[in-house]
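Comments concern the structure below.
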Amino acid sequence: MADADGERRPAGELEASVLAALWAAGKPQTAAQVREAMPQPLARTTVATLLARLHEKGVVNRSPGGRGFVYFPVEDSHGLTARRMHRELDQDDDHGRVLARFVEGLSPSDEAELRRLLEGGQ
């Protein structure tokens, strides 16, 4: 898919737009409803394909509704980010080294927040 100027969209941009539409709706949506809520002019079939891919990835769930499915996000945006972080951590056998490098790159305020959470703070 290309933008109007012929440039390809960054990977994940359309999936992010689909998720944003689902989160904004706050209730299960059909592909047509998601399409109407998206800023990009896309075919309903494109949106349905994106929703199917997100379902395969476990990011959205679906249930029968009307003549097809209604979709809803499995997690909020923060949960999805945490899931991505876990997936990245699982890509390396040396979790200790990965976590150490991650902590080295934190800002002082993020490091303090992480310490607070590790000590049982909510």
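Values in this document were obtained by computation on a predicted structure and should not be read as measured data.
Contact check on Glu113 versus Arg116 returns a salt bridge, with a Lys/Arg side-chain nitrogen under 4.0 Å from an Asp/Glu carboxylate oxygen. A salt bridge does not link Arg84 to Glu88: none of the charged nitrogens lies less than 4.0 Å from a carboxylate oxygen.
Atom CD of Gln40 is separated from atom CD of Glu13 by 6.0 Å, given to the nearest 0.5 angstrom. Here the CG atom belonging to Leu42 is positioned 13.0 Å from the CD atom belonging to Glu36, to the nearest 0.5 angstrom. To the nearest 0.5 Å, atoms CG (Leu54) and CG (Asn61) are separated by 12.0 Å.
Of all non-hydrogen atoms in Val47 and Ala31, the two that sit nearest each other are CG1-O, 3.6 Å. When all heavy atoms are compared, the tightest approach of Val18 to Leu51 is CG1-CD2, 3.4 Å. Across all non-hydrogen atoms, the minimal contact from His95 to Asp90 is CE1-OD1, 3.6 Å. For Met38 against Ala21, the heavy-atom pair with the smallest separation is CG-CB, 4.3 Å. The shortest non-hydrogen separation linking Pro28 to Gln33 is O-OE1, 4.2 Å. Residues Leu80 and Trp23 come closest through the heavy atom pair CD2-CH2, 3.9 Å.
Under the 4.5 Å side-chain heavy-atom criterion for grouping Ile, Leu, Val, Met, Phe, Trp and Tyr, Leu118 is not connected to Leu99 through any hydrophobic cluster.
Under the side chain to side chain donor-acceptor pair (under 3.5 Å) criterion, Glu75 pairs with Arg83, sequence neighbours left out. Here Asp110 pairs with Leu106, Ser107 under the side chain to side chain contact (heavy atoms under 4.5 Å, CB included) rule; sequence neighbours left out.
Side chains of Leu19 and Val60 form a contact here, defined as non-hydrogen atoms less than 4.5 Å apart. Taking the side chain as every heavy atom from C-beta outward, Tyr71 and Arg62 approach each other to under 4.5 Å. Here the side chains of Met85 and Phe102 are in contact, with some heavy-atom distance below 4.5 Å.
Crowding of Asp93 atom CG: a count of heavy atoms from other residues, nucleotides or ligands under 6.0 Å not exceeding 12.
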